[in-house]
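Worksheet: one structure, shown below.
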Amino acid sequence: MARRSAPLLRRLVAAASPPAPQPLPGHGGGLARRTVTYMPRPGDGTPRAVTLIPGDGIGPLVTGAVRQVMEAMHAPVYFETYEVRGDMPTVPPAVIESIRRNKVCIKGGLATPVGGGVSSLNMQLRKELDLYASLVHCSNLPGLPTRHEGVDIVVIRENTEGEYSGLEHEVVPGVVESLKVITKFCSERIAKYAFEYAYLNNRKKVTAVHKANIMKLADGLFLESCREVASKYPGIQYNEMIVDNCSMQLVSKPEQFDVMVTPNLYGNLVANTAAGIVGGTGIMPGGNVGQDYAVFEQGASAGNVGNEKIVEQKKANPVALLLSSAMMLRHLQFPSFADRLETAVERVVAEGTYRTKDLGGTSTTQEVTNAVIANLD
C-alpha cells in the first residue's frame, strides 16, 4: 500500500511547492513574497469590481441582501455575477478568470454532494486560487444572549491539504485508502499567517490545535512548524492543545481562546463549534485568503445552503454574509464603509425587533435587510 501511494505523494508535493521567490534588489537578499494578512488600512476610494456567486439554497437570498446594502450605503464596489451550482462538475473557467481579474469574490453557499466521488466546488476554488488561509471570526454580538459571554475567537485554518487533499482510492473491494498530506511549506505559511494576523490586530495569544499524540509525523510536522514561527513572535503567547481537549474547552470555557491555528479538518470542526457557542452559523463571517486572491462567504460551513423551507419562506439569516462583506470591504481598503455596515448590523441584532428564526425571531431576509439599511449612518 505504501508503494502504491508514493507516486501520489510525490505528485502532490511537487504541485504544492511554488517556485522559489526572488530576492528584492537592494534589500540584502530579502524575499519578495510576503504573507497576505487581512487588516484595515486606508483605501484610495476607487470603485472595485467584485466577483459575485449567488450559489445554492439560501445563497441568492443572502447575496441579494449584500447587494442591496452595498447600494444603499454607496459602497465603492460593483459586482460581476456568475451562476455556479454545487452539482456542476467543475467551476466554470469564466468564474476563475473573473476572480483572478478582480482579486476578490463574495459568494453564497455551494452545496457539496455527499459521497459518490463528486468533487466539492468549494475545494476546487480554494486549490485553483491557492486560498490557503480560512479566517472565521466567532464573537458575541451585543444583545444576543448566549450561554457564554466574552467570546472573541479567530479560527485560522489551513485550507489546501490535510484530509481534504482528496487522495483516495479503493485498494481492493471494500477497502479504501485515504491519504492525509501535511507539508512543511503549507504548515509554515499558515502559522505565519496566524501570527502575523495576531500581531497586526493586537491579539495576545495563538493556540495551535493538533492530534500529534496519535498522528506523530503528520501533526508533529504541523506543530514543529508552528513552534518555529512562534519563536519569531516573542510578544505573542503561544500554546498547543489536542483537538479533543480543545473541543471540550471550547464548550466549557471558550473565553480562554484568542487566535486558533489548525490543520484543515480540525479547523472546520472548531469553527462550526465556536459558531454554535456564540449564536449559530447565521452570524459568523468568514473569508478564504491567499497570496493574490480572496473569497468571502459565511464563516461556518454547517447549514450554509439552508433547507427548502427557509428558501420557500425567504427567511434566511443575512447577518453572516453581511458581516463577511464588511470583511471584504476592509480587505479592499475601505474600512469606514466596513465600520458603517458592522455598526448597522449590530444595532439591528441588539434591538431585537428584526431577527430570523435561528435568532429567535420570525423576520424574513428582506425585513432584516431593510432594518440594516435603515440603521446605516
Side-chain angles (χ1 to χ4, degrees), residues 12-13 15-18 20-21 31 33-39 122-123 125-138 153-166 179-201 203 205-212 215 217-233 236-243 246 257-272 274 285-297 299-301 327 331:
L12 180 80
V13 172
S17 301
L31 297 181
R33 293 188 60 157
R34 173 179 168 82
T35 302
V36 173
T37 301
Y38 155 75
M39 62 172 291
N122 294 306
M123 283 303 302
L125 270 176
R126 293 167 194 167
K127 289 186 176 181
E128 181 73 23
L129 300 170
D130 195 24
L131 306 175
Y132 65 86
S134 168
L135 179 70
V136 181
H137 192 183
C138 303
I153 303 170
V154 175
V155 181
I156 294 175
R157 160 193 173 198
E158 204 291 319
N159 226 5
T160 61
E161 56 177 20
E163 291 86 350
Y164 286 51
S165 299
L179 302 179
K180 170 177 176 172
V181 178
I182 297 288
T183 64
K184 181 78 168 176
F185 172 76
C186 289
S187 298
E188 279 189 347
R189 72 175 178 176
I190 197 63
K192 288 176 182 176
Y193 187 98
F195 277 92
E196 192 78 350
Y197 179 94
Y199 174 76
L200 292 170
N201 291 277
R203 296 278 179 160
K205 181 169 68 173
V206 173
T207 300
V209 181
H210 66 95
K211 192 63 177 174
M215 300 180 187
L217 292 180
D219 284 23
L221 177 59
F222 176 79
L223 277 189
E224 176 187 313
S225 302
C226 289
R227 291 168 184 169
E228 290 177 5
V229 174
S231 67
K232 301 174 184 178
Y233 293 82
I236 298 173
Q237 182 184 349
Y238 170 69
N239 70 328
E240 300 167 356
M241 192 171 291
I242 296 173
V243 65
C246 174
F257 296 106
D258 191 356
V259 174
M260 305 173 78
V261 60
T262 78
N264 207 330
L265 177 60
Y266 309 153
N268 197 0
L269 305 177
V270 165
N272 281 272
N288 298 284
V289 182
Q291 181 69 32
D292 300 305
Y293 314 106
V295 175
F296 296 91
E297 58 188 320
S301 59
M327 292 174 62
H331 183 82

Are any non-hydrogen side-chain atoms of [X] and [Y] less than 4.5 angstrom apart?
X	Y	value
Y238	F195	yes
F222	M215	no
L135	M327	yes
V154	I156	yes
K184	L221	yes

Between [atom1] of [X] and [atom2] of [Y], what distance do you get to the nearest 0.5 Å?
X	Y	atom1	atom2	answer
M123	N264	CE	CG	5.5 Å
E196	K232	CD	NZ	11.5 Å
E297	N122	CD	CG	6.0 Å
R227	E240	CZ	CD	4.0 Å
E161	I190	CD	CD1	10.0 Å
D258	N201	CG	CG	10.0 Å

Give me the atom names and distance for the closest heavy-atom approach of [X] to [Y].
X	Y	value
A218	I182	O-CG2, 3.5 Å
V209	C246	CG2-SG, 4.0 Å
C186	T160	SG-OG1, 3.9 Å
G299	V136	O-CG2, 3.4 Å
S225	A191	O-CB, 4.3 Å
A208	L223	CB-CD2, 4.0 Å

Query - Other residues, nucleotides, ligands: >12 heavy atoms within 6.0 Å of Y199 OH - result: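 No, the 6.0 Å shell around OH holds no more than 12 heavy atoms from other groups.
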Report task. Output, in order, the C-alpha distance, side-chain angles, deciding distance and verdict of side chain to side chain contact (heavy atoms under 4.5 Å, CB included) for I153 and V155. Result -> CA-CA 6 Å; I153 303 170; V155 181; 4.0 Å; yes
Query - Expected output: side-chain D130 to main-chain G290 donor-acceptor under 3.5 Å - result: no
Query raised in the report: Can you tell me if S231 uses its side chain to pair, donor with acceptor, with the backbone of E228 under 3.5 Å?
Result: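 Yes; judged by distance alone, with no hydrogens or angles, the pair exists.
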Query raised in the report: Parallel, tilted or perpendicular: which fits the ring planes of Y193 and Y132, with parallel below 30° and perpendicular above 60°?
Result: perpendicular
Requested in this report: Sort out for me which residue in K211, H210, K180 forms a side-chain hydrogen bond (donor to acceptor under 3.5 Å, both in side chains) with D219.
Outcome: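 Running side-chain hydrogen bond (donor to acceptor under 3.5 Å, both in side chains) over K211, H210, K180 with D219 returns exactly one hit, K180.
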